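In what follows, residues are counted from 1 in the order of the sequence shown. Heavy atoms only: backbone and side chains are in, while hydrogens, waters and symmetry mates are out. Just so we're clear, the structure is a prediction, and the values are computed from it rather than from any experiment.
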Amino acid sequence: LIGICAVVYLIGMALQLFTGHDYLYSWLANYRPYVVYFHQFWRLISYGFVHGSIFHLLMNMYALYIMGNLAERKYGSLKFLIIMLVSILCGGLAHCAFAPRAVSVGISGGIYALFTIYIIDAVKNGAYRDSGFVMMVLINLLLNFMPNVAWQAHLGGLVSGFVFYMMFDEYKLNKSYIFVILIVIIALSVKMLIL
């Protein structure tokens, strides 16, 4: 996933350098009018692999490297990939539903799902007593109030991360949680479409 994000960023930069226009940003970013009115549904996933700046890319790749390694070791590659893709989708839907006129890019919807799983595990193991852990959680929550941060995508990722934690950890693949994640996707889709 890190490699895909890096390659997409480099291709976008090359296109911008040679044409003066960032075509990948235009074609892949999440933007509700294009998703709903032009049926460009791929944007609900593709936005996760596009980043607005080198700083945005590096911050997200660092978080993905840390949280992704923990989650992949915990669940295995297939479950990790499912968590990431579904959480990116939920983040994209939440952004369209609650920020209908804003553009979003970045993989942080998926990262917030991994972050949610990590927080639940850490709290269950007593990490809430560690001031460093508490500070890390607070900083991540405060980041959502910075300008140009798509907190809606983070919220979508957070909700899907919680559902995946329940599905994979607490209930050992209880199929009812598959319906829960489908209900989340359907509810966000309906909210996005009926604005």
Side-chain angles (χ1 to χ4, degrees), residues 1-2 4-13 15-16 19-64 67-68 83-116 119 137-164 181-195:
L1 294 177
I2 289 172
I4 292 169
C5 290
V7 167
V8 167
Y9 184 78
L10 291 173
I11 291 171
M13 290 298 293
L15 286 171
Q16 192 169 18
T19 66
H21 184 71
D22 189 347
Y23 285 102
L24 288 186
Y25 198 88
S26 299
W27 295 334
L28 304 178
N30 191 17
Y31 184 51
R32 182 185 176 271
Y34 289 167
V35 172
V36 173
Y37 302 120
F38 298 107
H39 311 295
Q40 296 178 359
F41 300 113
W42 68 83
R43 292 176 179 270
L44 294 169
I45 296 283
S46 65
Y47 81 98
F49 300 96
V50 180
H51 289 81
S53 69
I54 190 66
F55 179 74
H56 187 207
L57 177 72
L58 292 175
M59 290 297 291
N60 274 354
M61 294 308 97
Y62 177 71
L64 179 57
M67 296 294 154
I83 291 169
M84 285 301 294
L85 293 177
V86 173
S87 299
I88 290 168
L89 173 63
C90 288
L93 287 168
H95 188 266
C96 285
F98 299 111
R101 290 180 180 83
V103 177
S104 70
V105 292
I107 203 166
S108 52
I111 292 170
Y112 262 74
L114 303 178
F115 189 57
T116 302
I119 288 174
V137 171
L138 289 174
I139 289 170
N140 274 278
L141 292 176
L142 289 173
L143 285 174
N144 289 291
F145 297 101
M146 291 179 62
N148 299 320
V149 171
W151 63 265
Q152 303 87 350
H154 295 176
L155 181 62
L158 189 144
V159 169
S160 61
F162 178 77
V163 174
F164 277 117
I181 201 78
L182 288 174
I183 289 167
V184 169
I185 291 170
I186 291 166
L188 289 171
S189 298
V190 169
K191 171 77 170 105
M192 175 186 73
L193 292 171
I194 63 170
L195 284 174

Checking [X] side chain against [Y] main chain: does a donor-acceptor pair fall under 3.5 Å?
X      : Y      : answer
Tyr9   : Ile54  : yes
Arg32  : Ala102 : no
Asn30  : Ser104 : no
Thr116 : Gly161 : no
Ser108 : Ile111 : no
Ser160 : Gly157 : yes

Verify side chain to side chain contact (heavy atoms under 4.5 Å, CB included) between Val184 and Cys90, making sure each step is shown before the conclusion. CA-CA 8 Å; Val184 169; Cys90 288; 4.2 Å; yes
Just wondering, do [Y] and [X] contact through their side chains at under 4.5 Å, heavy atoms?
X      : Y      : value
Val105 : Leu28  : no
Met84  : Ser87  : no
Cys5   : Ile107 : yes
His51  : Met61  : yes
Phe49  : Leu1   : yes
Gln40  : Tyr31  : no

More than 12 heavy atoms of other groups within 6.0 Å of Phe41 CZ: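 More than 12 within 6.0 Å, yes.
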Kindly indicate, with the supporting measurements, whether the criterion side chain to side chain contact (heavy atoms under 4.5 Å, CB included) is fulfilled by Ile185 and Val86. CA-CA 9 Å; Ile185 291 170; Val86 173; 4.2 Å; yes
Between Trp42 and Val35, is the side chain to side chain contact (heavy atoms under 4.5 Å, CB included) condition met? List the steps. CA-CA 8 Å; Trp42 68 83; Val35 172; over 6 Å; no
Can you tell me how far the [atom1] atom of [X] sits from the [atom2] atom of [Y], to the nearest 0.5 Å?
X      : Y      : atom1 : atom2 : answer
Tyr37  : Leu193 : OH    : CG    : 9.0 Å
Leu57  : Met13  : CG    : CE    : 10.5 Å
Ile186 : Ile181 : CD1   : CD1   : 11.0 Å
His154 : Phe115 : NE2   : CZ    : 11.0 Å
Ser46  : Ile88  : OG    : CD1   : 10.0 Å

Between Tyr47 and His95, does the side chain to side chain contact (heavy atoms under 4.5 Å, CB included) criterion hold? Intermediate values first, please. CA-CA 11 Å; Tyr47 81 98; His95 188 266; over 6 Å; no
